[in-house]
Structures are given as C-alpha cells and as structure tokens.
Amino acid sequence: MLPAEARIRRSRDFSVALKRGRRAARGGVVVHWAPPSGEAQSPTKPSDAEGQSTARAGFVVSKAVGNAVVRNRVKRRLRHAAAELLRTWPPGTDVVVRATPKAAERDYSQLSRDLAGAVAAARSGRSPNGRGRRSRRPSPQTGAGRDAS
RNA sequence: CGAGUCGGCCAGGCGGCCGCGUCAGUGACGGGUUCGUCGCUGCCGAGGAACGUCCGGACUCCACAGGGCAGGGUGGUUGCCAACGGCAACCCGGGGCGACCCGCGGGAAAGUGCCACAGAAAGCAGACCGCCGACCCCGGUCGGUAAGGGUGAAACGGUGGUGUAAGAGACCACCAGCGCCGCCGGUGACGGCGGCGGCUCGGUAAACCCCACCCGGAGCAAGGUCAAGAGGGGCCGCGAGGUCCUGCGCGAGGGUCCGAGGGCUGCCCGCCCGAAUCCUUCGCGGGUAGACCGCUCGAGCGCGUCGGCGACGGCGCGCCUAGAUGGAUGGCCGCCCGAGACAGAAUCCGGCGUACCGGCCGACUCGUCCC
RNA sequence: GGUCCCGUGGAGCAGUACGGAGUGCUCGCCGCCCUGUCAAGGCGGAGGUCGCGGGUUCAAAUCCCGUCGGGACCG
C-alpha cells in the first residue's frame, strides 16, 4: 500500500496535475503524468513540490464506476499496483489515476497491467496537453457585437 | 412424513507472508522524560442493514417580558420508552379450517364545500315513464301515489302480509341498522343481557373543518481555539499604553436629527432601541477548499437472577469494541464446506422503511400414517 | 455528511393549491399543397404505462405512504 506521504492530498495539487500532466489510457484507467516541475513552478503553488523525497500518486474514482463498495475496491487495488511502480518514478512526479466504469469488472492482474501500460505510455508520450491550445474562436463575437449596436 | 405460521441468531471458516490506519511501548536524531521527524515491536481496525434520510432524541449555536392569531404533526384503549409517527398486549373491523395475519382505526344529527357523465331527481325536497281517480274530442289538463321501469359508484331499509281507487312503516310479524335507559364484567377501548322509542336520519375529514394531545429555529460544512485581518466602538489612564467587544471593501440610488427605520426568526397587539462609520435596495470586486479541538464510555454490550402475558424494568458480575480527513481492509498462497448475497463508518444513539445467497435454533397449527 | 428541488408524447414546458374523459403551447416527426429543387410558409395527422408500487375515493397526473432515478445548494 501507499503511505500517506506518497499520495496527493490537496485539491490544488490534483487540479495542477490533471491540467499539466500528459495523458494516456489503458483498459480501465486513465493516467495523467506530471513530471517534477522544474523551476517553472508557479509561485502560488505552496508546497514543497521541490522538497519531495518520493513521487506521489492520486486516484479519482467517480460514482459512475459503481457503488461505494466497488469504488473502494478499485481504489485499493490501484493504490497497491501504484505502490509497486512508484519507486521507479523520479521524486517530485505527480501522477493522477482516473478509473473508468470498466475498471469495476477487471481483476487485480488486469488492473495492474492497465496501470503499468498507461504510465509507460504517458511517460514517453510527446506533446501531451495539445488540447485546449487551438483557439477555435471563429466568430461568435462579430454577430453579437452587431446585435448590440 | 408432508404443508404452513411466528420469534430469535449467523453473515464463509482456519492458517502463513508482504503492505495501510489509529493507539501504546521502545530506540535514534534535534537544546529535549512532556514537542517533532524517522525506525522497530505489539493490540485493535465497518454492517445487519454501516443504506435511504422518513420520524424521535442527545449535543452545539442562535432567539426568547407577556398575550393573541396563524402554521406543522399525531389520532381505538391501556401500557413501555429519554423521546417518537416506534414497540407490546388488548378492543373493534376484515381474511384464514387453524397456528396466525392485515387495517392513518376520533367526529359526517357543530357548520361549509363537493358528488363529473348518466338520470325526473345527488340530499331533502321533489316526480320522467308508469299506476289510480276526475274532466274534456285522438291526446291532453288537474289531483293522488312512490309499489314497478330506467340511470348511476351511490336513489330514502329487506321479505311476507293487512290495507287501498292505486299505493305507501299507514299498520302487523320477523330480520338488518340507529338512538336512549337499566343491570353485569373490564383500569379502559368495549362486550353481554333485558327493556323502550321513533320507524331510517346517503357518501366524502389521505376536502375545509371540529375535538384531544404535542411542537422555538438551525444543523458537526453545528460550534470552538490558534494563525492571518483594513477598520470601528466601550472601559481604565494626564499620556505612552492596557483591556474587552465587533469584523471584508468599493460604487450608485433612497431614508432621515424626533421619528426613517430596526428588534422581539411567520403576523398582530404591546414593549424596547433609535441618528453613528446608521438603516435599506441594487451592482461590482475580494476572501474561504490552513492547523487543531468537537471525535468517541454510551438511554453501551454480554451472562445470570427477580418482577411482568409482553414491550420492558430492577439487581449482581464481567467487558472496552474503528475514529479516517483525497478519507485506513489490499496483494500473494494453502486447506475445508453448501462456492458465499445485499452491501463500506464520517458527531452519537432509539426506531421505521428498503436491498439480500443461504444456513441454524426454538415454539406452534393443519393433514396423513404407526404405536 | 447535511439541506432542498424535479420526474407529463422524441426534446423543453404548462396542467397538480380547489380530484371529474390525457387537455394545451413551442420545436421535432409523417403525409399533402406551394417551388425547377431545397428551406421557409399553408393544411392535415400520428405519437403519452403522467418514473414505479401501494392506499384513500364512485373516480387520482392531481390527495397520502413507500420506492427508484436525476439535479441544485452548504463558510
């Protein structure tokens, strides 16, 4: 299992990792890989991201996965699987793992393979957060401006 | 043996290794028996429904001179309980051969409303067809009648007779229902027996309402401590300052120095405050997702005994049984059985309701056979 | 964890206080007309277990109880 210090515990840290992290999906999981932020860390980020001695993992299991018993089981299995991989990650790395509804049906060995595969893909993947860049703002304002006058 | 009724209990078990969380002990480090970090060892670590959040409390904060109105809830009786819309026993009504089960089960002669369509008529008076009598030309007019027809969920008791022009509780017998009186039984709801009366007076209160009883509001994201915090006010002091209370800013509009407004968590009476940096309406922006406490020993659980039909209560002995905060139960392996359902604590209790693979124990009923 | 709200044709709503035939609005769908064609427009039409179960009532989308699903809010 994962000791508390190896888990992401702040809502802000989750948001940052989900936004910055490179994304990859396998089977029942989606992984967001956020490498240790160089110095480009925004000054508002309060904590110690630099002083971390280990990588950290966080888990998001939504209601769509199942009832409370199912969600707990999925989260515990993911935590166990992440603990085995965690030692190979550079300190300061934040990884958020989201579970999809399919995760409820997978046993531990399948889930473990999903996680390892997704992490490997996200870690080596290029140009992760290309989403949101393209500014598809064709013209809604022009019409609006005309009406306003 | 078969079919069934009621009540209680269990919720896969045993073992090994590696992890996670709280607590305790212990070692090292930091000035450090008390604090912090890291390590080691040990104990403990989800449920009967933890669920839904439908009721009731504990607890916390807010409010509270007094009176009235409004609002909400409950609804057979007697008990149990901290309390309850819960539970027990009993009564009444309904179902079952029976054990037993089901029922929001007060009041409709206190008043109001509603009863669509159909039907003559839907509530207290009346009469469409009809029946009977009288009168005039087929057909109608007037009067009597409510037995028959038809409509409807519901039509002014039912059957038989007397009676009559035709009829009708107009009268008689029995039955059903209602009311009153007396006696007996019961704490009571109510029941039993006897007598009398008028002969009947529709339904709906999970429609308004009446009666009886109960209810202040919000909820642990309650609330408190610390940290941060522009400013404002009270008191003490000559002053420096001290101490307590309060708590974000900007802009625009409105109200006003004796009555604008505010408070008494809905409204009224009544009472109180009231001119400041105040009150009120609208808009914009900022801030909050820091730490700790609350946080688990309690209407607690188990066993025995006594009282009670029972719910439950008294006494004695024993036990301590999760306290997380992105939220602790996972992974690997072995053996056994019937191959294991519904499902995860978040302040804590008592209920109710709902979901659910199966298994065990006890009491009882009906049927069949044997002794 | 707590407090509330909403389920009605394919979509969005009204109807629910005070029970009386599933009534209505906008869009969508189908057919016809118009046009060389499409859109727009005109005419006509289809389509609903009122989330589900139980109860009260002669009668329930409406009243009562339970249950399922969806959504909002909290200093």
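These numbers come from the heavy atoms of this one structure, side chains and all, not from hydrogens, waters or symmetry mates. No experiment lies behind these values; they were computed from the predicted model shown. Letters A, B, ... are given to chains in the order of the sequence lines, protein chains preceding strands, and every chain is numbered from 1.
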Who passes salt bridge (charged side-chain N to carboxylate O under 4.0 Å, His left out) against A/R106, sequence neighbours left out? A/D114

Tell me the partner of B/C317, counting only Watson-Crick (N1-N3 plus N6-O4 or O6-N4) or G-U wobble (N1-O2 and O6-N3) with both under 3.5 Å; none if nothing fits. B/G302

Would you mind pulling out the nucleotide paired to B/G340, Watson-Crick or G-U wobble, both distances under 3.5 Å? B/C337

Can you find a side chain N or O atom of A/R79 that sits less than 4.0 Å from OP1 or OP2 on B/G331? no

Which nucleotide, if any, forms a Watson-Crick or G-U wobble pair with B/G119, using both distances under 3.5 Å? none

Look at the side chain of A/F14 and decide which nucleotide, out of B/G327, B/G331, B/G326, has an atom nearest to it. B/G326

Should B/G31 be called syn or anti, with syn set as within 90° of 0? syn

To the nearest angstrom, the CD1-P distance between A/I8 and B/U325 comes to 17 Å

Rounded to whole angstrom units, what separation is found between the CD atom of A/Q110 and the P atom of B/G331? 13 Å

B/G263 to B/G274 separation - C1' atoms, rounded to the nearest Å: 11 Å

Does the structure show a Watson-Crick or G-U wobble partner for B/A212, both distances under 3.5 Å? Name it, or say none. B/U74

Now, which nucleotide makes the Watson-Crick or G-U wobble pair with B/A276, with each of the two distances under 3.5 Å? none

Using atom NZ of A/K75 as one end and atom C1' of B/A324 as the other, report the distance to the nearest whole Å. 12 Å

Once you round it to whole Å, what is the distance between C1' of B/C332 and CD of A/E84? 10 Å

Pairs under 3.5 angstrom, nitrogen or oxygen only, protein versus nucleotides 339-344 of chain B, please.
{"from": "B/G344", "atom 1": "OP2", "to": "A/A68", "atom 2": "N", "distance (Å)": "3.3"}
{"from": "B/G344", "atom 1": "N7", "to": "A/N72", "atom 2": "ND2", "distance (Å)": "3.4"}
{"from": "B/G344", "atom 1": "O6", "to": "A/R76", "atom 2": "NH1", "distance (Å)": "3.3"}

Gap between atoms CZ and C1', on A/R7 and B/C20 respectively (whole Å): 8 Å

Tell me, which pairs form a side chain to side chain donor-acceptor pair (under 3.5 Å) where one or both residues lie in residues 83-92 of chain A, sequence neighbours left out? none

What I want to check is whether the side chains of A/R98 and A/H32 have a donor and an acceptor closer together than 3.5 Å. yes

Would you please name every residue forming a side chain to side chain contact (heavy atoms under 4.5 Å, CB included) with A/A104, sequence neighbours left out? A/V65, A/V70

Between A/S109 and A/G58, which residue's closest nucleotide on RNA chain B lies nearer the 5′ terminus? A/G58

If you only use heavy atoms from C-beta on, which nucleotide in B/G327, B/G330, B/G326 is closest to the side chain of A/V60? B/G326

Just how far, in rounded Å, is P of B/G331 from CG of A/L78? 11 Å

ring-ring contact (aromatic ring centres under 6.0 Å, His included) pairs touching residues 102-121 of chain A, sequence neighbours excluded, are A/H80-A/Y108

Any strand: nucleotide that pairs with B/C6 via Watson-Crick or wobble, under 3.5 Å: B/G362

Is the ring of A/F59 stacked on the base of B/G326, with centres less than 5.5 Å apart and planes under 30° off? no

Please state the P separation for the pair C/G1 and B/C349 - nearest whole angstrom. 15 Å

Heavy-atom side-chain proximity of A/T93 to A/W33 below 4.5 angstrom: yes

Looking at CG of A/L78 and OG of A/S112, how far apart are the two atoms once the value is rounded to the nearest 0.5 Å? 9.5 Å

Please determine, for B/A153, whether a Watson-Crick or G-U wobble partner exists with both distances under 3.5 Å, and give it or none. none

Across all chains, not counting sequence neighbours, the side chain to side chain contact (heavy atoms under 4.5 Å, CB included) partners of A/N72 are A/R76

What is the distance from NZ of A/K63 to P of C/C68, rounded to the nearest Å? 13 Å

For C/U23, the nucleotide meeting Watson-Crick or G-U wobble distances (both under 3.5 Å) is C/A14

Roughly, in whole Å, what's the span from CZ in A/R56 to P in B/G327? 11 Å

